[in-house]
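So the structure is just underneath, and the comments pick up after that.
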Amino acid sequence: MDAVTLLGIALALSMDAFAVAVATGISLAPLTGRRVFRMAFHFGLFQALMPIAGWTAGRVISDFIGTFDHWVAFGLLLFVGGKMIFDVLHGGDASRTRQDPTRGWDLVLLSIATSIDALAVGLSMALLGSSIIIPALVIGVITASLTAIGMLLGRKIGNLWGKRVEVVGGLILIAIGVNIVVEHLTA
C-alpha cells in the first residue's frame with residue numbers, strides 16, 4: 001500500500017473521532033491537557049487496534065460483524081449524545097463539571113463507536129494481503145493528533161457560543177451515528 005492511500009485511509013477513519021472530539025471540546029469545562037491527552041490517546045489506541053483485530057479476524061467473522069457494526073456505532077453515539085443533551089438540559093451548570101467523557105465508560109463507548117469502521121478496513125487489508133502494523137500505527141497517530149486538534153477547536157467554539165453549543169455537540173454525536181447507519185444501509 002502506498003503512502004498516499006494509507007494517509008487517505010487514516011484521515012477518513014479519523015473523521016468520526018475528530019467530530020466527536022470537537023463536540024467534546026465544546027461541552028467540556030475546563031479543558032485540560034490531561035483530558036485532551038486521555039481522549040486523544042484512547043481514540044488513537046482504539047483506532048490502531050481495530051484494524052489489527054479486523055485483520056486478524058479474517059473473512060468468517062467479517063460477514064457476522066458487517067451485518068450489525070453500523071447499529072452498534074449508532075447505538076453508542078446515540079446513547080452518549082443523548083446523555084450529553086439530557087445533562088445540559090436537566091443538569092444546569094453542574095453538568096459541565098460532573099460529566100467527563102474523557103473518563104470511564106463514556107470514553108470506552110466513544111472509543112469503540114468512533115473506531116468500529118476500522119475493523120472492516122483491517123479485514124480488507126487482510127484480504128488484499130497487506131501488512132497491518134505500519135498502517136495501524138499511522139491510523140492511530142493521525143487519529144490521536146486530529147482528536148487533540150478537534151478538542152482544542154471545540155473549546156474555542158464553546159467559549160464563543162456558550163452553553164447552548166453543548167446541545168449542538170450532543171446533536172453532532174447523534175448525527176454521526178445516523179450518518180453511519182445511512183451509509184451502511186445505502187451502500
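Atom CG of Asp16 sits about 10.5 Å away from atom OG1 of Thr147, to the nearest 0.5 Å. Taken from OG1 in Thr114 to CG in Leu13, the straight-line distance is 10.0 Å, to the nearest 0.5 Å.
Residues meeting the side-chain contact (heavy atoms from CB on, under 4.5 Å) test with Leu152, sequence neighbours left out: Leu31, Val36. Looking at residues two or more places apart in sequence or on another chain, you find a side-chain contact (heavy atoms from CB on, under 4.5 Å) between Ser115 and Phe46, Gln47, Met50. Partners of Val182 according to the side-chain contact (heavy atoms from CB on, under 4.5 Å) rule, which considers only residues two or more places apart in sequence or in another chain, are Val178, Thr186. With sequence neighbours excluded, the residues forming a side-chain contact (heavy atoms from CB on, under 4.5 Å) with Thr32 are Pro30, Arg34, Arg35, listed by chain and number.
Residues Met39 and Pro101 share a closest heavy-atom pair of CE-O, 3.7 Å.
Listed by first and then second residue, the salt bridge (charged side-chain N to carboxylate O under 4.0 Å, His left out) pairs involving residues 175-187 amount to none (not counting sequence neighbours). Listed by first then second residue, pairs satisfying ring-ring contact (aromatic ring centres under 6.0 Å, His included) with a partner in residues 20-40 read Phe37-Phe41, not counting sequence neighbours.
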Only distances under 3.5 Å count here; give the side-chain donor-acceptor pairs of residues 136-146 to other protein atoms, sequence neighbours excluded, each with its distance to 0.1 Å.
| unit_1 | atom_1 | unit_2 | atom_2 | d |
| --- | --- | --- | --- | --- |
| Thr143 | OG1 | Ile139 | O | 2.8 |
| Ser145 | OG | Val141 | O | 2.9 |

Which donor-acceptor pairs under 3.5 Å do the side chains of residues 4-11 make with protein atoms, sequence neighbours left out?
| unit_1 | atom_1 | unit_2 | atom_2 | d |
| --- | --- | --- | --- | --- |
| Thr5 | OG1 | Asp2 | OD1 | 2.7 |
| Thr5 | OG1 | Asp2 | OD2 | 3.2 |

**OP:** Starting from the C-alpha separation in whole Å, work towards a yes-or-no answer on side-chain contact (heavy atoms from CB on, under 4.5 Å) for Leu28 and Thr102.
**Re:** CA-CA 9 Å; Leu28 193 60; Thr102 68; 3.8 Å; yes

Subject >> From CA spacing to verdict: side-chain contact (heavy atoms from CB on, under 4.5 Å), Asp100, Arg38 >> reply: CA-CA 11 Å; Asp100 183 358; Arg38 257 194 318 257; 3.4 Å; yes

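Contact check for Phe18 versus Ile149: side-chain heavy atoms found under the 4.5 Å cut-off.
At distances below 3.5 Å, at least one donor-acceptor pair connects side-chain atoms of Arg155 with backbone N or O atoms of Ile26.
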